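Below is one structure; the comments refer to it alone.
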Amino acid sequence: MPSSCEVDVKRVPGAAILVMRGEIDATAASPLQSAYAETIGPDMAPRVVLDFTAVDYMNSTGIALIVGILAQARTERRTVAASGLSDHYRQIFEITRLSDFIQVYADVDDAIATTAQPTA
Amino acid sequence: MTSNQAQESVEVLATFAVPSEPGNERVALREVAAVAADRGLTPDQMERLKTAVAEATMNAIEHGNENRPEVPVDITVLQTAGAIAVTITDRGGDRADNAPSEVPDIELKLRGEQRPRGWGLFLVQAMVDGMEVSTDGTLHTVRLTMHTDNAESPNGPDGNEGEDDAEQL
């Protein structure tokens, strides 16, 4: 089944942003994992922002993909943030406790602004 | 309420089937959303019902009918007294329902001690006000219920009134 998910990688100081579009389901595995792999390297940003603004559907398999990205990022000592979640998917992040491990922001600008702030 | 009164209060809003192919849960959720529109669900309830229907249909396609396109998943949308109910039936009534369900735990998943998947049934239960599972040895049916007679669903974001007797996605 062809994927309806597209993922672009953007970089800002201190963060890599995965801009997702379409559906985060089983077919999103390849584009999502490939996009994440692009962010890995010697100078990789310590923070990954997953932007859901243009995501119109996510199912349990998609949640598993996000868990996988989060697990990999944690092994690389990176933090993960999410932006642009609808109220419904915010609720799902809370139910699954993803929001205990992924900082949730209203939009990418908020997530980036937080990235730019010095940490204690 | 007597059983006769209960039966009289049930209105079948729609029945349809989808082939057991990955992705057809989207067809199911769209159909259910169209049928259930303007039937007393709040927008939040509608979103939760759509997610529950999608996840239960995925389960039926994958685990019940084993992704065989020629085997349908049958879906019925009902209006009952104070609720919208959706039944999702597959042909996996003889599958091992006695397998213990794995309660998803994100901390275990992040440590690699639990598979990343396994959220489906957990989500279904969290999304709706009631979930019942029945089987007759051939057919396996999940019935989802969402109350329409109250502004706030008793099963909020952290609520869970569902029964836990089906396998996980």
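Note: hydrogens, waters and symmetry copies are ignored here, and every other heavy atom, side chains too, is used. What you see is a predicted model; the values in this text were computed from it and never measured. In what follows, chains carry the letters A, B, and so on, assigned in the order in which the sequence lines appear, proteins first and then strands, with residues in each chain numbered from 1.
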- Query: Considering only heavy atoms, which portion of E25(B) lies under 4.5 Å from any heavy atom of chain A: side chain, backbone, both, or neither?
  - Reply: side chain
- Item | Contacting moiety of L65(A), where chain B heavy atoms sit under 4.5 Å | neither
- Qualifying salt bridge (charged side-chain N to carboxylate O under 4.0 Å, His left out) pairs, either residue in residues 58-68 of chain A, two or more places apart: none
- Query: Is there a salt bridge (Lys or Arg N to Asp or Glu O under 4.0 Å) between D90(B) and R68(B) once you walk through the steps?
  - Reply: CA-CA 11 Å; D90(B) 62 55; R68(B) 290 173 292 165; over 6 Å; no
- Query: What part of R111(B) gets closer than 4.5 Å to chain A, counting heavy atoms only: side chain, backbone, both or neither?
  - Reply: neither
- Are side-chain N/O atoms of D107(A) and S83(A) paired as donor and acceptor at under 3.5 Å? no
- When the 4.5 angstrom heavy-atom criterion is applied to L110(B) and chain A, the contacting part is both
- Message: Test: salt bridge (charged side-chain N to carboxylate O under 4.0 Å, His left out). Region: residues 62-76 of chain A. Which pairs qualify, not counting sequence neighbours?
- Response: E76(A)-R78(A)
- So, T42(B) and D44(B): side-chain donor and acceptor under 3.5 Å apart, yes or no? no
- Message: Out of R97(A), H88(A), Q72(A), return the one with the most heavy atom pairs under 4.5 angstrom to chain B.
- Response: H88(A)
